[in-house]
J.: 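Before anything else, here's the structure in question.
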Amino acid sequence: MPENVVTRFAPSPTGYLHVGGARTALFNWLWARRAGGTFILRIEDTDQKRNTPTAAQQVMDDLKWLGIQWDEGPDAGGPNGPYLQSQRKDIYDKYIEKLLDEKKAYYCFETTEELDAFRKEAEAQKKSFSYSRPKDFPDSEAAEKARAEGRPVTVRFAVPQEKPIVVQDVVRGEVTFAADEISDFIIRKSDGFPTYNFACVVDDHLMKVTHIIRGQEHLNNTPGQQALWQALFPDAPLPKYAHMSVTVSDTGGKLSKRERPKALRKAIKAAQQIDLEALAAAGDISSEQLDSFIRGKTTPDMPNIDAMAKHLGVALPEINIVDFFKSGYLPETMVNFLALLGWNPGDNREIMQVDELIGTFDLSRLTKSNSLFDRQKLIAFNTEHIRMVSAEKLLGHLKSYLNTVESPMVSADDELLSTIIKLCEGARTLAQIEQKSEFLFVDNDKIKYDDKAVKKVLLKGDGLAVLGIVREKLAAMDELTEQGIEDMLRGLAEEKQVGLGKVAQPLRVAICGTTISLQIFDSVRLLGKENTLARIDNTLKKFQTQI
RNA sequence: GCCCCCAUCGUCUAGUGGCCUAGGAUAUCAGGUUCUCAUCCUGGAGACAGGGGUUCGACUCCCCUUGGGGGUACCA
């Protein structure tokens, strides 16, 4: 086990934490914990155009939900702060000046349009684009002059061209890049902020990071970063790089945040009749904005997307960590599942607790090939974790779930919720628990009847007639006990020479409005005699005329 | 276009030249349990991308083809 391991997760605060980011954070965290080292959270907010003010907080909230704690970070502090790159500009400037002085970097004045033209030319010649370095580097006076003339002033790093750059990667071995493939890249933008490729190198060194575990999408910036590191800190050993496989979506390509809006757009287009005004209102956007979204020109913010999906009753694919929370997954499930995407303990273990993961995790068992995010398997994992987690923890998870989805079930006290949880053994998600017991917390006259259920169970056959008999038998009972209800229903079924379902289902639809609920005996007992009878009466009155 | 990475059941994966008649999980199929939804039990089917080498022997090593993915920004 290596000593003094320091890892970091360095998200750019552009929105919610998505599964890919969460997996990167998790691997860094697991490795730091396994080695007894330090895990740093660093916010890479050097792009002022893209950052949203609340995103950093959202990312931190999501990490906390997963149980990933950082030892150093924006709120936690630490000896290597600040941990927001936007607050480290002075540090970066110092190193950029040094490179400039040493002629290892130089000023450039091209506009975006000019650079685009160079790139097009390179492509036309079937070559990769490489910025042509000037023979003599412009001095600071020239930079001042260009600035005064209104030209953009950037700084590029002069990538050493003597020999190929070889990256030693923990998962991929030696990866060689020809020197002329690595173009002199910009390290300071015309707005004065450093680019990712520069800030990242400086910070990783200053924060004493020993292991850089990140997605394969960064493999191509690594030779540049490595060359920069060696120019800046020739005496410091390079960090260990580990480029993990990418998690791909079942729709092909990288698992991306765009999938949710895309799925919603598809659902809107597929819908037969649709009230666009109502939809826009539900999403809290204008009709014009909605129209523009449907035509694929713009994309509203995620909360608006979510609201519209809810309005239409369509389930969007979960991408962000919060999406999984809202779908009723446990953090334990997510951690376990994500850890197994591109890593495995080497034996047949799959369902694992965090401590077990920490105790087994090793960089040497990282997988090379990309993996597809399989939601079916996730559900199976969730079922297992719901079964395994302690009653106390599960109660806590359920309560925070009910709160965020604003379920009527929030009114239940801990005792009732615990009872319900026990009755829901085998549930796959917290959403399922909620779905099966929500009816207990809805007013008698606010029951929503599911069309299909009503047709199939009440209107077809003698459902209503049976319900009438059940009503009288229930009314005749002094006290509703589970045993009593069971005896009564089973007796009735036997008497009528039918299965229990024939008598239980009409009763279920009458009290829940749907065919899905807790076991029927428990459902009736928990609802109570008075409510049960009232709901049966409501149902009889409402549908008797429709036969 | 150019650069880089990858390749075992549908999916996640075990496999480091003979332990492979290729193991597990999930999904799927058949059957069973069941008042709904789930759970649960039993059983089945299901993979080394193709072609060349190397070797006594290749899923394992090398090369090519094909396929997939990533990158190609004054984004990170």
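Lettering follows sequence order; numbering is per chain, from 1.
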J.: Separation of A:Leu500 atom CG from B:C37 atom P, in whole Å?
T.: 13 Å
J.: I'd like to know whether the aromatic ring centres of A:His385 and A:Phe337 sit less than 6.0 Å apart in this structure.
T.: no
J.: Please evaluate residues A:Glu97 and A:Arg188 with respect to the criterion salt bridge (Lys or Arg N to Asp or Glu O under 4.0 Å), reporting the C-alpha separation (whole Å), side-chain torsions for both, the decisive distance (0.1 Å), and the verdict.
T.: CA-CA 11 Å; A:Glu97 291 309 323; A:Arg188 182 158 68 195; 3.6 Å; yes
J.: Closest nucleotide of RNA chain B for A:Val171 versus for A:Glu425: which of these residues is on the 5' side?
T.: A:Val171
J.: CD of A:Glu123 versus P of B:C2: gap in Å, rounded?
T.: 9 Å
J.: Round to the nearest Å and state the distance from A:Ile379 atom CD1 to B:U11 atom C1'.
T.: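 After rounding, the gap between these two atoms is 14 Å.
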J.: Answer with base, sugar-phosphate or nothing: what part of the nucleic acid does A:Gly342 contact at a heavy-atom distance below 4.0 Å?
T.: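 Answer is sugar-phosphate: A:Gly342 comes under 4.0 Å of backbone atoms only.
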J.: Taking the side chain as every heavy atom from C-beta outward, state whether A:Ile386 and A:His397 have any pair of such atoms under 4.5 Å apart.
T.: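 No, too far: nothing below the 4.5 Å cut-off.
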J.: Flag this pair as yes if the NZ/CZ of A:Arg133 is under 6.0 angstrom from the six-membered ring centre of A:Tyr131 and inside a 45 degree cone about the axis; otherwise no.
T.: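 A:Arg133 over A:Tyr131 ring: no.
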J.: Could you state the CE-C1' distance from A:Met352 to B:A14, rounded to the nearest angstrom?
T.: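 One finds 14 Å between C1' of B:A14 and CE of A:Met352, rounded.
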J.: Enumerate the ring pair (Phe, Tyr, Trp, His ring centres under 6.0 Å) contacts for residues 162-195 of chain A, please, sequence neighbours excluded, ordered by first and then second residue.
T.: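 Of all non-adjacent pairs touching residues 162-195 of chain A, those that pass ring pair (Phe, Tyr, Trp, His ring centres under 6.0 Å) are A:Phe157-A:Phe185.
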J.: If pairing requires Watson-Crick or G-U wobble contacts with both distances under 3.5 Å, which nucleotide is the partner of B:G1?
T.: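 WC or wobble partner is B:U72.
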J.: Does A:Ile520 reach a base, just sugar-phosphate, or nothing at all? Heavy atoms under 4.0 Å.
T.: base
J.: Taking only side-chain N and O atoms of A:Arg387, does any of them lie within less than 4.0 angstrom of OP1 or OP2 on B:C40?
T.: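 Yes, because at least one side-chain N or O of A:Arg387 sits under 4.0 Å from OP1 or OP2 of B:C40.
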J.: Could you work out the separation of B:C61 and B:C5 based on their P atoms and round it to a whole Å?
T.: 16 Å
J.: Less than 4.0 angstrom between a side-chain N/O of A:Ser371 and OP1 or OP2 of B:U13, yes or no?
T.: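 For B:U13, OP1/OP2 do have a side-chain N/O of A:Ser371 under 4.0 Å.
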J.: When you look at A:Trp343 and A:Phe361, which way does the ring pair (Phe, Tyr, Trp, His ring centres under 6.0 Å) test go after all the steps?
T.: CA-CA 8 Å; A:Trp343 174 84; A:Phe361 189 79; 5.2 Å; yes
J.: Using whole Å, what does the distance between atom P of nucleotide B:U13 and atom CG of A:Leu366 come to?
T.: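 In whole Å, B:U13 P and A:Leu366 CG are 11 Å from each other.
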J.: Please step through salt bridge (Lys or Arg N to Asp or Glu O under 4.0 Å) for the pair A:Lys377 and A:Asp374, ending with a clear verdict.
T.: CA-CA 6 Å; A:Lys377 189 155 181 171; A:Asp374 183 355; over 6 Å; no
J.: Taking atom types as modelled, find out whether A:Arg508 and A:Ser517 have a side-chain donor-acceptor pair closer than 3.5 angstrom.
T.: yes
J.: Which atoms of nucleotides 18-28 of chain B (N or O only) lie under 3.5 Å from a protein N or O atom, and what are those distances?
T.:
{"unit_1": "B:G24", "atom_1": "N2", "unit_2": "A:Glu350", "atom_2": "OE2", "d": "3.2"}
{"unit_1": "B:A25", "atom_1": "O4'", "unit_2": "A:Glu350", "atom_2": "OE1", "d": "3.4"}
{"unit_1": "B:A25", "atom_1": "O2'", "unit_2": "A:Glu350", "atom_2": "OE1", "d": "2.3"}
{"unit_1": "B:A25", "atom_1": "N3", "unit_2": "A:Lys377", "atom_2": "NZ", "d": "2.9"}

J.: Regarding A:Arg365, tell me which of base, sugar-phosphate or nothing describes its non-hydrogen contacts under 4.0 Å with the strands shown.
T.: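 Sugar-phosphate, no base atom in range.
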J.: Using a heavy-atom cut-off of under 4.0 Å over every strand shown, decide if A:Phe521 touches base, sugar-phosphate, or nothing.
T.: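 The answer is base, as A:Phe521 lies within the cut-off (heavy atoms under 4.0 Å) of a base atom.
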J.: Measuring from the side chain of A:Ile516 (C-beta onward, heavy atoms only), which nucleotide among B:C2, B:U36, B:C3 has the closest atom?
T.: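 Nearest to the side-chain atoms of A:Ile516, counting from C-beta on, is B:U36.
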J.: Please name the pair of heavy atoms, one in A:Ala143 and one in A:Phe109, separated by the smallest distance, quoted to 0.1 Å.
T.: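 Residues A:Ala143 and A:Phe109, closest heavy atoms: CA-CE2, 3.7 Å.
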J.: Among A:Phe381, A:Phe373, A:Tyr16, which one satisfies ring-ring contact (aromatic ring centres under 6.0 Å, His included) with A:Phe324?
T.: A:Phe373
J.: Any donor-acceptor pair under 3.5 Å joining the side chain of A:Lys436 to the base of B:C37?
T.: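 Yes, a donor-acceptor pair under 3.5 Å.
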J.: Suppose you measure atom P in B:C6 against the same atom in B:C63; what distance do you get, rounded to whole Å?
T.: 12 Å
J.: Is there a Watson-Crick or G-U wobble partner for B:A49 with both distances under 3.5 Å, and which nucleotide is it?
T.: B:U65
J.: How many Å lie between NZ on A:Lys452 and P on B:C37, as a whole number?
T.: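 Distance, rounded to whole Å: 14 Å.
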J.: Report the distance from atom CG of A:Leu372 to atom P of B:C9, rounded to the nearest whole Å.
T.: 13 Å
J.: Can you give one letter per nucleotide of nucleotides 70-76 of chain B, going 5' to 3': B for a protein heavy atom under 4.0 Å from the base, S for sugar-phosphate only, - for none?
T.: BS-SBBB
J.: Charged N to carboxylate O under 4.0 angstrom, A:Asp93 versus A:Lys89?
T.: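 Salt bridge between A:Asp93 and A:Lys89, a charged N being under 4.0 Å from a carboxylate O: yes.
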J.: Both A:Leu340 and A:Asp522 contact RNA chain B. Which one's nearest nucleotide lies toward the 5' end?
T.: A:Leu340
J.: Could you check how far NZ of A:Lys368 sits from C1' of B:C6, rounded to whole Å?
T.: 9 Å
